Amino acid sequence: MTAKRTGVGFRAILSGTGHCVPAAILTNAELERRVSTTDAWIVERTGIRERRLAAPGEKASDLALVAAQRALDAAGLAPEFLDMILVATVTPDRPMPAVGPTLQAALGARCPALDFSAACAGFVYGLSLARAQIESGQAQHVLLVGVEVLSRRVDFTDRETCILFGDGAGAVVLSAVPAETGRGLLHTRLGADGRFADILRIDADEGVIRMEGREIFRHAVNRLTEVIEAALAETGWSAADVNLVVPHQANLRILEAVAKRIDVPRERIYANLERYGNTSAASIPIALDEARREGRLADGDKVLFAALGAGLVWGAATLVW
Ligand code: UT7
């Protein structure tokens, strides 16, 4: 990749968004037939009604490709102008090679491409990585994709986890604009605490998700509140300034608890987990694309992203749309 400019005074806007979810729907009613649970319990404790399941043979790179093409179309950008492809995933097609180069070839792009793993915080970590590429002048356009085929990693006899997760892909194109426009990513703040690695994990020998749900829930509410408050303060915004929060979609009760603590009205928190469950790294870009297509984002709106995932890892980002 060639450096295009010295990088002074550029910001990263989200110039295009897109998403792709598999066609097959797994409803709570179907899960009632598989494990000892009820639709009423799942809706009350999580807010989830259904999730999408990849078809046999449908891979992360297949979903990523469609989401990426939609984001590029929305940006009006041809793939050859991409300077970097970043793919956040914990469910790549295979251990090696990464989804990134597979996607690069399928798109007809020529830029460097890689995967990285930050579980459900993958998209927010990716915003920080992409922003650094753009602000340092190394890239003008970066494609960031969050994609998961988590259904392959779910134990469908474990009622605590099989109700939560789903498959899908979301993508954004980040593009450099002069900082004077006032638009784009203003701040990203990341955190990690590996002491809690075991509370949400996929062990190599077992190969399926294991989770201490209550512990994750507690960490999610506390860490998300802290990181959002820090990101807002460092950006110079108050909670009242934020037009839309697009959080990781894990559990509606987590979103409501965080909204209450940071004092943002529930209507300003975008939620679509009712239809997709938790799609890990894909959840924020899917939600963002739906919010944009529904007309929930106007030029100049102040947008906040926040996520926590296995690691533990977490982060928040502030952006002027
Ligand atoms: O992106 C990060 C990924 N993970 C998460 O965000 C998960 C965070 N955690 C959660 O979303 C929630 O902890 C769960 C939805 C997993 C569980 O909800 P909860 O309100 O924390 O339930 P609990 O673990 O405190 O369990 C309450 C009861 C238990 O029964 P007993 O011990 O009170 O008799 C569970 O066995 O609910 C039972 N239970 C269920 N009942 C019906 C657990 N799962 C189910 C189920 N259906 N699917």
Side-chain angles (χ1 to χ4, degrees), residues 26-51 88-91 117-126 146-151 153-168 170 190-194 196-202 208-225 227-228 245-259 269-274 276-287 305-316:
L26 176 62
T27 61
N28 289 350
E30 172 60 26
L31 285 169
E32 283 182 354
R33 288 190 278 275
R34 296 192 191 194
V35 289
S36 169
T37 191
T38 61
D39 172 57
W41 192 95
I42 301 172
V43 172
E44 191 203 314
R45 307 307 290 168
T46 72
I48 301 166
R49 292 179 189 275
E50 58 189 43
R51 53 306 277 143
T89 187
V90 295
T91 49
S117 171
C120 300
F123 184 76
V124 175
Y125 264 64
V147 58
E148 302 293 0
V149 190
L150 285 170
S151 62
R153 295 296 190 173
V154 165
D155 172 359
F156 279 100
T157 65
D158 175 3
R159 69 176 182 175
E160 221 185 299
T161 53
C162 74
I163 58 164
L164 295 177
F165 298 101
D167 302 336
L190 306 178
D193 192 340
F196 300 102
D198 285 345
I199 66 175
L200 181 54
R201 63 185 200 279
I202 301 172
V208 292
I209 298 169
R210 295 295 175 214
M211 182 184 79
E212 292 173 32
R214 239 175 290 190
E215 276 297 285
I216 291 284
F217 193 106
R218 193 173 59 80
H219 281 287
V221 174
N222 291 336
R223 297 285 92 76
L224 287 172
T225 303
V227 77
I228 287 171
V245 183
V246 186
H248 169 52
Q249 310 281 310
N251 182 321
L252 199 57
R253 288 191 298 131
I254 294 177
L255 303 192
E256 288 172 349
V258 172
I269 312 269
Y270 191 83
N272 65 357
L273 53 76
E274 186 181 30
Y276 303 126
N278 179 348
T279 57
S280 190
S283 88
I284 294 179
I286 293 173
F305 303 100
L308 173 135
L312 294 176
V313 289
W314 60 86

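Values below: every heavy atom of this structure, side chains too, minus hydrogens, waters and symmetry copies. For ligands, and for the atoms within them, numbers begin at 1 and follow the listed sequence. Small disclaimer: the values here were computed from a predicted structure and weren't measured.
Using a distance-only test at 3.5 Å, with no hydrogens or angles considered, no donor-acceptor pair links the side chain of N278 to the main chain of L164. The backbone N or O of I209 sits nowhere less than 3.5 Å from a side-chain atom of D155 that would complete a donor-acceptor pair. Using a distance-only test at 3.5 Å, with no hydrogens or angles considered, no donor-acceptor pair links the side chain of R159 to the main chain of T37. Under the 3.5 Å distance criterion, the side-chain polar atoms of R201 are matched with a main-chain donor or acceptor of D198. A donor-acceptor pair is defined here as one N or O able to donate and one able to accept, closer than 3.5 Å; no such pair exists between the side chain of R223 and the backbone of W314. Not a single donor-acceptor pair under 3.5 Å links the side chain of E50 to the backbone N or O of Y276. With hydrogens and angles ignored, the 3.5 Å screen pairs a side-chain donor or acceptor of T89 with a backbone N or O of V147. Of the possible polar contacts, none joining the N28 side chain to the T38 backbone as a donor-acceptor pair under 3.5 Å is found. Side-chain atoms of R49 never come within 3.5 Å of backbone atoms of E274 as a donor-acceptor pair (strictly under, hydrogens ignored).
Looking at atom 10 (C) of ligand 1, its nearest protein heavy atom turns out to be N251 ND2, 3.6 Å. The protein heavy-atom contact nearest to atom 7 (C) of ligand 1 is M211 SD, 3.7 Å. For atom 19 (P) of ligand 1, the closest heavy atom belonging to the protein is R253 NH2, 3.6 Å. Atom 5 (C) of ligand 1 has its closest protein heavy atom at I216 CG2, 3.5 Å. Here the protein heavy atom with the shortest distance to atom 23 (P) of ligand 1 is R214 NE, 3.7 Å. The protein heavy atom nearest to atom 29 (C) of ligand 1 is R159 NH2, 4.7 Å. Of the protein's heavy atoms, W41 CZ2, 4.5 Å lies nearest to atom 28 (C) of ligand 1. For atom 47 (N) of ligand 1, the closest non-hydrogen atom on the protein side is T37 OG1, 2.6 Å.
Remark: ligand 1 and H248 share an N or O pair separated by less than 3.5 Å (distance only, no angle test).
Close approach to L200 involves these atoms of ligand 1, each under 4.0 Å from a residue heavy atom: 2 (C), 3 (C). Listed by atom number, the atoms of ligand 1 under 4.0 Å from R45 heavy atoms are 20 (O). Listed by atom number, the atoms of ligand 1 under 4.0 Å from A250 heavy atoms are 1 (O), 6 (O). Residue G213 approaches ligand 1 through these ligand atoms, each under 4.0 Å from one of its heavy atoms: 8 (C), 9 (N), 13 (O). Near I163, the atoms of ligand 1 lying under 4.0 angstrom from a non-hydrogen atom of the residue are 48 (N). Under a 4.0 Å criterion applied to the non-hydrogen atoms of L308, ligand 1 contributes the atoms 1 (O). Every atom of ligand 1 is numbered from 1 in the order shown, and the set under 4.0 Å from a heavy atom of N278 is 1 (O), 2 (C), 3 (C). Counting atoms of ligand 1 from 1 in the listed order, those under 4.0 Å from a heavy atom of C120 are 1 (O).
Annotation: cation-pi pair R34/F156 present, NZ/CZ under 6.0 Å from the ring centroid and within 45° of its normal.
Ring geometry for H219 versus F196: interplanar angle of 30 to 60°, hence tilted.
Contact annotation for atom 25 (O) of ligand 1: protein present (non-hydrogen atoms, distance under 4.0 Å). Counting protein heavy atoms under 4.0 angstrom from atom 34 (O) of ligand 1 gives zero. There is no protein heavy atom closer than 4.0 angstrom to atom 14 (C) of ligand 1.
Salt-bridge annotation for R210 and D158: present, with a side-chain N of the basic residue lying under 4.0 Å from a carboxylate O of the acidic one.
Under 4.0 Å from ligand 1, not a single heavy atom of T161 appears. Of the heavy atoms in V35, none comes closer than 4.0 Å to ligand 1.
In this model, a donor atom of one side chain and an acceptor atom of the other lie less than 3.5 Å apart for D167 and S151. There is no side-chain donor-acceptor pair under 3.5 Å between T279 and Q249.
Ligand 1 is never approached by I42 to a heavy-atom distance shorter than 4.0 Å.
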